[in-house]
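For reference, positions follow the sequence shown, starting with 1.
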Amino acid sequence: MATEQPFLPVLLGSDMNAYGMARAFYEAYGIKPLVLGRSHLTATQDSHILEFQEIDRLNEQDVFAPALAQVAKQYADKKLLLLACGDDYAKLIIKNKPALQEHFTVPYIDESLMDEILLKENFYKMCEKYDFKYPGTTTVTAKNYQDFTPPFDYPIILKASNSVEYWACKFPGKKKVFVAHDEAEKTAILKAIYSSTYQDTMIIQEFIPGDDSYMRVLNAYVGKDGKVKLMCLGNPILEEHSPEGIGSYAAIVTTYDKALMDQVRHFLEDIGYTGFANFDMKYDIRDKQYKLFEINLRNGRSSYYVTASGHNLMKYVADDHMLNIEQQLTYVEDKHLWMIIPKGVLFKYASNEKLKLEAQKLIREGKCTNSLYFDKDMNPKRWVKLTLNNLNYYRKYKKYFNNKGLEE
């Protein structure tokens with residue numbers, strides 16, 4: 001049963017992150033968040049723990065602000081907490097923050113700080129200042145890609161600098177992230193990309209060796225007082241390997257590294273950050289250092305792993321901003337396995353034997369959560385869709401997976 005609360009979370013996006021966030025709010029407060037999305041994805045369909053509203057072109061500036069003003073009118077009797085489930089919405093919230101604050105509580109940083117963090121050249125300056133290591137990185141443009149030679153050895157990673165523009169473009173063989181093993185492959189990939197509508201910068205990075213289990217993901221919540229309240233580090237066991245899913249985590253075991261958490265906490269508090277932050281990095285066996293890939297100005301797509309470990313991430317933001325409850329700093333040490341794939345896929349395709357044993361132990365102990373399967377939100381329609389979705393993972397991994405730590 002949904003409980004009457006003095007506030008209503010409004011979530012932008014309809015993917016598995018939106019569902020995990022809605023589930024966390026429901027678990028913490030018995031509350032049904034309002035979920036706004038351009039289309040209704042499987043993760044949030046046939047759910048009784050959220051209200052869904054479809055708004056076409058919600059991720060476009062001319063639609064975004066008026067649509068949210070309309071939603072605010074609809075729920076004028078509620079205190080509204082506005083949260084993004086993806087990068088495009090996080091950026092739109094931040095760009096429109098002054099206007100949105102008339103109707104919503106907006107726990108995000110200002111645009112000036114966003115530009116410092118997100119523009120790659122600024123981001124790497126920040127890394128230098130706070131002693132974060134990062135992969136060798138350069139950029140290439142539509143103008144110079146034909147004469148471009150990377151300043152580091154192959155294989156190299158290629159990814160779009162402007163993710164919003166990139167998702168809007170179409171070309172054969174499109175992937176979220178590419179790996180080029182030689183000059184010919186690099187040229188063919190760049191030619192395909194720049195023959196499409198995407199004409200913005202591409203980021204070229206050195207490839208850090210190691211399979212998915214060398215990745216780390218860190219989710220943090222920084223209170224309105226500018227102090228970090230919660231940090232939870234995850235060790236992915238397996239990522240998704242389909243072209244559209246590369247780089248998205250499919251199974252994570254919580255882990256702990258005090259030195260790394262202290263470093264990130266100092267960084268966030270020193271730059272005046274507030275709200276959710278999500279860090280992706282990879283452990284480099286060659287110099288035994290974590291290499292930071294990016295900071296997202298929102299909780300990660302897989303961030304329900306934090307809530308599953310016993311530390312409800314959404315309770316932190318709502319207790320802080322909506323209920324004015326004081327919070328102490330917590331570094332999560334509780335072990336838990338989070339996944340969105342079937343166990344059969346995890347144990348067939350994950351290659352880190354030590355982590356697989358740990359995952360099996362956590363399953364035996366009942367410390368395992370698939371955020372989409374929520375027993376208080378199950379009905380025949382939802383069960384069928386989730387089961388088909390699960391079976392589809394077997395097909396996708398069979399088709400796309402190779403275990404060299406590189407995408408083919």
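- A salt bridge is defined here as a Lys NZ or Arg NE, NH1 or NH2 lying under 4.0 Å from an Asp or Glu carboxylate O, and E27 with R23 meets this definition.
- Electrostatic pairing of K91 and E111 does not count as a salt bridge here, judged by no charged N lying under 4.0 Å from a carboxylate O.
- Side-chain atoms of W338 and S371 form a donor-acceptor pair, as typed in the model, at a separation below 3.5 Å.
- One N or O on the side chain of K78 and one on the backbone of Q5 form a donor-acceptor pair closer than 3.5 Å.
- E128 has no carboxylate O lying under 4.0 Å from a charged side-chain N of K125, or vice versa, which leaves the two without a salt bridge.
- A salt bridge does not link K229 to D320: none of the charged side-chain nitrogens sits closer than 4.0 Å to a carboxylate oxygen.
- For F7 and Y29, the distance between ring centers is under 6.0 angstrom.
- Under a 3.5 Å cut-off, the side chain of K186 and the backbone N or O of F148 do form a donor-acceptor pair.
- Summarising the geometry of Y305 relative to C232, their closest heavy-atom pair is OH-O, 2.7 Å, with the distance given to 0.1 Å.
- Aromatic ring pairs are classed by plane angle as parallel below 30°, tilted from 30° to 60° and perpendicular above 60°; the pair F267 and F132 is perpendicular.
- Residues L113 and I271 form a side-chain contact, since some pair of their non-hydrogen atoms from C-beta on lies under 4.5 Å apart.
- Residue K224 qualifies as enclosed at atom NZ: its count of foreign heavy atoms under 6.0 Å is above 12.
- More than 12 heavy atoms of other shown residues, nucleotides or ligands fall within 6.0 angstrom of atom NZ in K97.
- For the residue pair Q205/K159, the side-chain donor-acceptor check at 3.5 Å is satisfied.
- Across all their heavy atoms, K79 and M322 have their closest contact at NZ-O, 3.1 Å.
- Residues Y394 and V345 are in side-chain contact: their nearest non-hydrogen atoms beyond the backbone lie under 4.5 Å apart.
- With sequence neighbours excluded, no residue satisfies salt bridge (charged side-chain N to carboxylate O under 4.0 Å, His left out) with D115.
- Shortest non-hydrogen contact noted between D334 and S309 is CB-O, 3.6 Å.
- The pair K335-E365 does not meet the salt-bridge criterion, since no charged nitrogen lies less than 4.0 angstrom from a carboxylate oxygen.
- Judged purely by distance below 3.5 Å, without hydrogens or angles, the side chains of Q61 and N96 pair a donor atom with an acceptor atom.
- Between the side chains of N390 and T387, no donor-acceptor pair is found at a separation under 3.5 Å.
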*Before giving the answer on side chain to side chain contact (heavy atoms under 4.5 Å, CB included), spell out for I156 and F207 the whole-Å C-alpha distance, their side-chain angles and the decisive distance to 0.1 Å.*
CA-CA 5 Å; I156 58 169; F207 179 81; over 6 Å; no

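- Between the CE atom of M114 and the CG atom of N122 there is a distance of 12.0 Å, given to the nearest 0.5 Å.
- In this structure, L337 and K367 have side chains that are not in contact, with every pair of non-hydrogen atoms separated by 4.5 Å or more.
- The residues E239 and K282 are annotated as not salt-bridged, no charged nitrogen and carboxylate oxygen being separated by less than 4.0 angstrom.
- Residues D284 and Y214 bring no donor and acceptor atom of their side chains to less than 3.5 Å of each other.
- In summary, the side chains of Y108 and R298 do not present any donor paired with an acceptor at a separation below 3.5 Å, with no hydrogens or angles considered.
- Between F279 and V264 the shortest side-chain heavy-atom distance falls below 4.5 Å.
- Side-chain contact, D377 with S47: a donor N or O sits under 3.5 Å from an acceptor N or O.
- A salt bridge does not link D280 with K291: every distance from a Lys NZ or Arg NE/NH1/NH2 to an Asp or Glu carboxylate oxygen is 4.0 Å or more.
- Taking the six-membered ring for Trp, Y134 and F293 have ring centres at least 6.0 Å apart.
- The closest side-chain donor-acceptor pair between N352 and S213 falls under 3.5 angstrom.
- Nearest heavy atoms, A220 versus L268: CB-CD1, 3.9 Å.
- D212 is not listed as a side-chain neighbour of Y249, based on a closest heavy-atom distance of 4.5 Å or more.
- Between the side chains of Y349 and D211, no donor-acceptor pair of N or O atoms lies under 3.5 Å.
- Electrostatic pairing of E358 and K361 does not count as a salt bridge here, judged by no charged N lying under 4.0 Å from a carboxylate O.
- With rounding to the nearest 0.5 Å, the separation of CG in L190 from OH in Y145 is 7.5 Å.
- Under 3.5 Å, the side chains of Y331 and D262 contain a donor-acceptor pair of N or O atoms.
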_Stepwise side chain to side chain contact (heavy atoms under 4.5 Å, CB included) check, D46 with K385_ = CA-CA 9 Å; D46 305 300; K385 281 182 182 164; 2.8 Å; yes

*Before giving the answer on side chain to side chain contact (heavy atoms under 4.5 Å, CB included), spell out for E269 and R265 the whole-Å C-alpha distance, their side-chain angles and the decisive distance to 0.1 Å.*
CA-CA 6 Å; E269 292 181 353; R265 179 166 64 97; 3.7 Å; yes

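- A distance of 9.5 Å separates NZ of K356 from CD1 of I237, quoted to the nearest 0.5 Å.
- Within 6.0 Å of the CG atom in N324, the count of heavy atoms belonging to other residues, nucleotides or ligands exceeds 12.
- Here CZ of R286 is found 6.5 Å from CD1 of I208. Values are rounded to the nearest 0.5 Å.
- Judged by distance alone, the side chains of N379 and R382 never bring a donor and an acceptor atom under 3.5 Å apart.
- In this structure, CG in N370 is found 7.0 Å from CE in M339, a value given to the nearest 0.5 Å.
- Taking the side chain as every heavy atom from C-beta outward, Q53 and L34 approach each other to under 4.5 Å.
- Looking at P243 and K176, their side chains never come closer than 4.5 Å, going by heavy atoms from C-beta outward.
- Atom CD1 of residue I189 and atom NZ of residue K175 lie 7.5 Å apart, to the nearest 0.5 angstrom.
- Y304 places none of its side-chain heavy atoms less than 4.5 Å from the side chain of N17.
- Between the side chain of Y154 and the backbone N or O of E206 there is no donor-acceptor pair closer than 3.5 Å.
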*asked:* Please evaluate residues Y256 and E333 with respect to the criterion side chain to side chain contact (heavy atoms under 4.5 Å, CB included), reporting the C-alpha separation (whole Å), side-chain torsions for both, the decisive distance (0.1 Å), and the verdict.
replied: CA-CA 6 Å; Y256 181 76; E333 294 185 62; 3.4 Å; yes

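- Residues Y273 and N296 approach most closely at OH-O, 4.1 Å, considering heavy atoms.
- Side chain to side chain, T330 and H311 fail the donor-acceptor criterion of an N or O pair below 3.5 Å.
- Taking every heavy atom of both residues into account, Y400 and H241 meet most closely at CB-O, 3.1 Å.
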*Just do the side-chain hydrogen bond (donor to acceptor under 3.5 Å, both in side chains) check on Y290 and D257 with the steps written out, would you?*
CA-CA 11 Å; Y290 291 111; D257 184 324; 3.1 Å; yes

_Could you walk me through whether D270 and Y130 satisfy the side-chain hydrogen bond (donor to acceptor under 3.5 Å, both in side chains) test, starting with their C-alpha distance in whole Å, then the side-chain angles of each, then the deciding distance to 0.1 Å, before giving a yes or no?_
CA-CA 10 Å; D270 203 54; Y130 292 96; 2.6 Å; yes

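- Side-chain N or O atoms of N299 include none that pairs as donor or acceptor with a backbone N or O of A277 at under 3.5 Å.
- In this structure, the salt bridge (charged side-chain N to carboxylate O under 4.0 Å, His left out) partners of D131, at least two apart in sequence or on a different chain, are K133.
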